[in-house]
Each structure stands twice: as structure tokens, then as C-alpha cells.
Peer 1: 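Here's a structure for you.
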Amino acid sequence: MLSENLRNESLEEKSKNFLEEIIEEDIRTGKHAGRVLTRFPPEPNGYLHIGHAKSICLNFGLAQRYGGKTNLRFDDTNPTKEDVEYVDSIKEDVHWLGFDWAGEYYASDYFEQLYEWAIVLIKKGLAYVDDQTQEEIRTTRGTVNQAGKDSPWRNRSVDENVDLFKRMRNGEFKDGEKVLRAKVDMAHPNMLLRDPILYRIIHTEHHRTGDKWCIYPMYDYAHGQSDSIEKITHSICTLEFDVHRPLYDWFIEKLEIFPSHQYEFARLNMTYTMMSKRKLLQLVQEKVVMGWDDPRMPTICGLRRRGYTPEAIRFFTEKVGIAKRDNVIDLSLLEFCLREDLNRRAPRRMAVLNPLKVVITNYPDGQVEQLEAVNNPEDESAGKRLVPFSKELYIEQEDFMENPPKKFFRLAPGQEVRLRYAYFMRCNEVIKDSAGNITELRCTIDPASKGGNSPDGRKVQGTIHWVSAQQAIKTEVRLFDRLFTKANPDDVAEGEDWKSSINPDSLKVIEAYLEPALAEAKSLDKFQFERMGYFSVDYDSKPGKLVFNRTTTLKDTWAKISGQ
RNA sequence: UGUCCUGUAGUGUAAUUGGCAACACGUCUGAUUCUGGAUCAGAAGAGUCCAGGUUCGACCCCUGGCAGGACAACCA
């Protein structure tokens, strides 16, 4: 269940972003009869990441808010890069985020229509077959400050162009031998309008159309027309497509088809995070990470495995807002959103990550008590559980200091702390090995303080968590740190690769001791290990051999005070 | 030596369309607490990229600069 706070936040009367303003204006003026239809158009050539989540929540969210619908459309116009593996993962991730699409479409569904429209353009004298090589086309395009040159094939007759284009489709030419280009203006200040390529020849099997086609439309020629075919009212994309809009409009105008309109917003960037699909692919291929769903990856599946919830991610995309200026969001905002959600819903458990043995000298050998512990102080309905207590415990190494500084509220020689939900405990003796390392603590408890409160009303400064050594279950715990050492991973010294900012210590695997209630945890179950953070069960878990991922730590005021 | 987009606390996003800048994260206090968590109360922090102009009044409109970003794949 979504926590109250998150729910209120999303329903709260909030100021509108520029897209909401536009849509409300369109509805007000009766454009498209008030209809709102958006689309999320991924290319199935990689896994979705948190940046896509922003776009997904935007597109689906806008439609929901204004009584519209959203299509899922795969932009599958390049068979050399795309694969069904990716379409499956994309569908799974969009669903997991909590959205259902109205129609599931593929640009490849429209290949025949697109082809016919190309013929229309040719017949209007607005497209031609070019025999130049890739190299020639590139050099004659000019530069941003310099006009391009017309192709020698630019003025072929309509009949010749139609014939050649049909033969391109029929497979009479090799890859790269010919292309179909729009005839716009080789001197246009916008490079994209310098006779853009519409079709290229690729003799490669397509994951959906098989070997039916050997010519494939380019993005600019396919995308807007696909929007138009679906009668998309608001085609929302990221800023870098802004320069494409004149071309988007050009096709719609020349073809005289449904006038979809494109709007651009600024993509999401985050500190210590790499958002480039290409580079993420590299991390996977070079085995820097375990895969696309490595919990350190910013992919949706990575975040899911890490222990993030769809609610937290949606809340985050609300908080980052929508605008047109470049932005870099603090990773701390994502973590805030996560904690906000998990704090309300994650059951509490006790787990010791870094064990220090404690022997309670005034506790009977072999005795085991079951003590009652609250499952979630934020949610009474979560109930209570029993935790075993005995003579030998483990506590966190960091919770004991032989020579504590002034503000250290935890255990120290002669000091008393509360063992959460158990007893007040005093440390009497520190046992060390020959090298001087602390190996064991001898302590006594106050039997009258059972349950955690002393009848004489005396206070203790600190409460620490613990686990009974005998009943504890030993599990693997994976501690993650940010994947990159630099806030901007691309900001590296001259001649250095972005990979030089990869954090070599982003994964630390340890063995931890958990209270027995955790034995039944299942994949993706989420818990707060008291005072240590939020943890989620990894897919690698096997019966009797659990693996936990640390999703994130708790806010740690002590670390700040002590200067860690 | 081009075209387009964008400049508001450290980071994001607002400002009822011209009425002396708000919210969130972060930071810092204090209260409270059987999690140094959560919660509660409070504080510091920008005068809106710069310079002119219009106006009683400009973050908002105009002019000119400056800065950042995008565009020269048969990628999307």
C-alpha cells in the first residue's frame, strides 16, 4: 500500500509544468476535441533506466490526469541493433512501474504505409534516390557554418526515382548502394533539413518482419508518421530532438496527414550516475557489473533488484519536475524518496553485519527466552514478533568503543546500553587476542529491565541491536556503493576514458547474522535492519542460503558527528 | 563563424501571466524518541546571468550582450 504521505503528495494541488499548461490550453480551445493521446516510444536496443522512468511517468501521468490514454510503441527501424530480449524487458519494466498501455505498436507495423508515403513524396518531387556513397553524402552535407552541395542525382525524373526505389525494396542493390532522400534544401541552416535520408538498404533480418524488408526507414521519417498514424495528440520527447521538429512538421505538412505535435523536455541526469545507454551496455559487456539488472545499475531492473519500489520511483519522478533546462539531480533526492516509502512499509528486523561476540555472564547457560518486538513502529497493523535471547549474542563492532569520545552513546567499558526489546546491559570486561584485537565482551544484564525498560526509571543513552548467536542465521549480504567516484562520471582528465571514474569498491560482500524470523524471506522482500538500513532479498538466494542486498543505509547522524 | 533551446538559493522546481521570490531535497539548530531512524519546531541560504529600455511597478515585456546545451550517424 502506498503510504499516506506519498499519496497526499501526488494529489496535492501543485503548480503545473509547461506541458500541463499546453494540454489544458488545448483542451480549453477544443483542439483534437479535447482528446489526449500520448505514447512512450523506446527503441528495443537496451534496457530502460531511471531516465526512461521519468519519460514513462510523464507520458502515462499526463494522459491519466487529462482522461487520455498512452500507447507503447517500439521504435524498431534498425534491425542491426534491436532484439526481442529488449522488447520483453521494456514491457516488464513499464508494467512494474505501474502502467498499462492502451495499444502496443511497433514502427515496423507501419512499414507498408511508410513505403507508400515515400512513393507519394517521390511523385510530388519531394524525394529522390541518391547513388552517392556514404562518404560522399557526408562530405557534401557541409558543416554547421557551411552550406552543403546538391547531389548529382538530385534531379532524377519522378519515374526513374519510383523505379529505383521499388528496385531498392526488391533487393536489387547491396547495402549502402543507394538511399532515398527528401528533397528540401542543401543550404538549410538546420543540418537536418539538408536532404535527410529517408530509407537505407539493410539486408538484415528484422526481429518482427523477418526478411520481408531490406530497406528500412530512418528515425525522422518513421517517428512522426507513426505518431500521426496513431493520432497521437502530444508527442513528448527529450530536448535533443528539438532540432528535428521542423522535419517532423515538414513530413506531416507534405503528406497532409494527421497533425501530431512534438514537445520537448529536459532529460534526467543524476550525480554519480551514467545514463548513456551505450555506456551502460559497455559496462554489461565488459563485465564491470553482473548484468543489466546489477543492483548498482540505474536501470529499472537494477533498481528493482536493489530493492527500490515502483512507488518510490514514481514519487521521485514527481519531485524532479518537468522543464526545459538542463539539470543534474542529487542522488540524495532519489534516496530520500526511497526511504520515505520504505520507512512506512518495510518490516523491521535485527541483523548484525559486523559481529562482535558478547557473553552475558549473569545469564543462565542454555536458557532461551522469546522476547516481543514491534514489526513496524510506523504501522501498528504490522504486528509483533518474537526474537530469541540467550547468553551469547552478537552486536555490531561499531557499537563498542574501548575509549569512547564524549558523544558516543553506545557500549563502552563500564557503560550501560539498552539491547533493543531486551535488557539493559553493562560491559564489564574486554577480551583481546594476542594481537590486541577485541574478540569478546563480558557483560551483565539487569534482569529487572526485561523488555527494555528499567522499573527504577533510569535512562540509558543508547539502544543497540543484537542477535542471539545460537539462533542467528548466517547469510550473504551485498553492500553497494555508487558505481562512479565522480559526481559527473564523464568529467575526466584529458586523454582519460570515462571508465577511469568507475568506483573499484562499489561492491562489498560480507557475511551477516540475522534474527531467525528472516529465514522465510522471499525474493525481493524488503526489510529495515534496525539502525543499519533497508535490505532486499536478492534473486541469487537459494533455500537455506539467503542473499540480501543493501538497498540503502539509514540517515546516519552519528556518522556525521564522528566525521566518517 | 550558422540555426535552435535554456539561464531563479548548493541541487531541482514554482511565482495566480507585470504587484518587491515560494516549495522540496540538502545543510544547520532545538524538542522528542526503546532505531543517533522516523516525527515535530525553527534557522541560514537567491534579489532572479549582465547592461540598457518600457512601466507607478519587471523573474515575467523589448533591445543588446554573456554563459551553458543541442545539431554536421545510411543511430534513435
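A note on names: the letters A, B, ... follow the listed sequences, proteins ahead of strands, and every chain is numbered from 1.
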Peer 1: With ring centroids as reference points, do A:F111 and A:Y199 lie under 6.0 angstrom apart?
Peer 2: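 Not close enough - the centres of the two rings lie 6.0 Å or further apart.
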
Peer 1: Below 4.0 angstrom, N of the basic side chain to O of the carboxylate: do A:K384 and A:E372 qualify?
Peer 2: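 Salt bridge between A:K384 and A:E372, a charged N being under 4.0 Å from a carboxylate O: yes.
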
Peer 1: Test for a donor-acceptor pair under 3.5 Å between the base of B:rG37 and the side chain of A:E378, counting only N and O atoms.
Peer 2: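 Present.
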
Peer 1: Output yes when A:E398 and A:R410 qualify as a salt bridge under the 4.0 Å nitrogen-oxygen rule, no when they do not.
Peer 2: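 No.
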
Peer 1: If only side-chain N and O atoms of A:R531 are considered, is one of them under 4.0 Å from the OP1 or OP2 phosphate oxygen of B:rG36?
Peer 2: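 Checking A:R531 against B:rG36: at least one side-chain N or O falls below 4.0 Å of OP1 or OP2.
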
Peer 1: If I compare all heavy atoms of A:F336 with all of A:K319, which pair ends up nearest, and what's the gap?
Peer 2: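 Closest heavy-atom pair between A:F336 and A:K319: CE2-CD, 4.3 Å.
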
Peer 1: Report the residue (A:F409 or A:N17) whose heavy-atom-nearest nucleotide on RNA chain B is the more 5′ of the two.
Peer 2: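 By nearest-heavy-atom nucleotide position, the 5'-most residue is A:N17.
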
Peer 1: Less than 4.0 angstrom from a charged side-chain N to a carboxylate O is my criterion; do A:E378 and A:R345 meet it?
Peer 2: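 No, A:E378 and A:R345 are not salt-bridged.
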
Peer 1: Can you check nucleotides 71-76 of chain B for protein contacts, nitrogen or oxygen pairs under 3.5 Å, and list what you find?
Peer 2:
from	atom 1	to	atom 2	distance (Å)
B:rC74	OP2	A:R141	NH2	2.6
B:rC74	N4	A:Q132	O	3.4
B:rC74	N4	A:Q134	N	3.1
B:rC74	N4	A:G176	O	3.0
B:rC75	OP2	A:R200	NE	3.0
B:rC75	OP2	A:R200	NH2	2.6
B:rC75	O3'	A:R200	NH2	3.2
B:rC75	O2'	A:N78	ND2	3.3
B:rA76	OP1	A:T77	OG1	2.6
B:rA76	OP1	A:R200	NH1	3.4
B:rA76	OP1	A:R200	NH2	3.0
B:rA76	OP2	A:Y219	N	2.9
B:rA76	O4'	A:E43	OE1	3.3
B:rA76	O3'	A:D75	OD2	3.3
B:rA76	N6	A:H244	NE2	3.3

Peer 1: Taking the six-membered ring where the residue is Trp, are the ring centres of A:F265 and A:F18 under 6.0 Å apart?
Peer 2: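 No, ring centres 6.0 Å or more apart.
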
Peer 1: For a quick check, tell me whether the side chain of A:R410 and the base of B:rG36 share a donor-acceptor pair closer than 3.5 Å.
Peer 2: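 Indeed, a donor on one side and an acceptor on the other fall under 3.5 Å apart.
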
Peer 1: Nearest whole angstrom, please: distance from the P of B:rU39 to the CZ of A:R339.
Peer 2: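 One finds 12 Å between P of B:rU39 and CZ of A:R339, rounded.
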
Peer 1: Can you build the contact string for nucleotides 16-23 of chain B? Use B for base contact, S for sugar-phosphate-only contact, and - for no protein heavy atom under 4.0 Å.
Peer 2: -B------

Peer 1: Does A:R349 contact B:rU35 through a side-chain donor or acceptor facing the base, at a distance under 3.5 Å?
Peer 2: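 It does not, because no donor-acceptor pair links the side chain of A:R349 to the base of B:rU35 below 3.5 Å.
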
Peer 1: Kindly express the pairing pattern of RNA chain B in dot-bracket notation, using | wherever a base pairs with another strand and counting only Watson-Crick or G-U pairs under 3.5 Å.
Peer 2: .((((((..((((.....[..)))).(((((.......))))).....(((((..]....))))))))))).....

Peer 1: Starting at the 5' end of RNA chain B, which residue's closest nucleotide do you reach first, A:I329 or A:N376?
Peer 2: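 Its nucleotide being nearer the 5' end, the pick is A:I329.
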
Peer 1: So which pairs with a foot in residues 264-276 of chain A pass salt bridge (Lys or Arg N to Asp or Glu O under 4.0 Å), sequence neighbours left out?
Peer 2: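 Qualifying pairs: A:E240-A:R267, A:R245-A:E264, A:E264-A:K324.
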
Peer 1: Under 4.0 Å, counting only non-hydrogen atoms across every strand here, what does A:F408 touch: a base, just sugar-phosphate, or nothing?
Peer 2: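 It contacts base atoms.
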
Peer 1: Run the salt bridge (Lys or Arg N to Asp or Glu O under 4.0 Å) test against A:R531 and tell me which residues pass, sequence neighbours left out.
Peer 2: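 Listed in chain order: A:D399.
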
Peer 1: Report yes or no: is the cationic atom of A:R208 (NZ for Lys, CZ for Arg) under 6.0 Å from the centre of the six-membered ring of A:Y106, at an angle within 45° of the ring normal?
Peer 2: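 Here A:R208 passes the 6.0 Å and 45° test against A:Y106.
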
Peer 1: With no angle test and no hydrogens, is the base of B:rU1 tied to the side chain of A:Q146 by a donor-acceptor pair under 3.5 Å?
Peer 2: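 When only heavy-atom distances are counted, A:Q146 does not reach the base of B:rU1 through any donor-acceptor pair under 3.5 Å.
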
Peer 1: Across nucleotides 40-50 of chain B, 5' to 3', mark each nucleotide with B, S or - according to how protein heavy atoms within less than 4.0 Å reach it.
Peer 2: -----------

Peer 1: According to a strict under-4.0 Å criterion, is A:R325 in side-chain N/O contact with OP1 or OP2 of B:rU8?
Peer 2: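 Checking B:rU8 against A:R325, a side-chain N or O does come within under 4.0 Å of OP1 or OP2.
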
Peer 1: Flag the pair A:P347 / A:N376 as yes when at least one side-chain heavy-atom distance between them is below 4.5 Å, and no otherwise.
Peer 2: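 A:P347 does not reach A:N376 side chain to side chain.
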
Peer 1: Between the side chains of A:R154 and A:D195, is the shortest nitrogen-to-carboxylate-oxygen separation below 4.0 Å, so that they form an ion pair?
Peer 2: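 Salt bridge flag = yes for A:R154 with A:D195.
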
Peer 1: Answer with yes or no after comparing the ring centroid distance for A:Y248 and A:H244 against a 6.0 Å cut-off, counting only values under it.
Peer 2: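 They do not qualify: ring centres at least 6.0 Å apart.
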
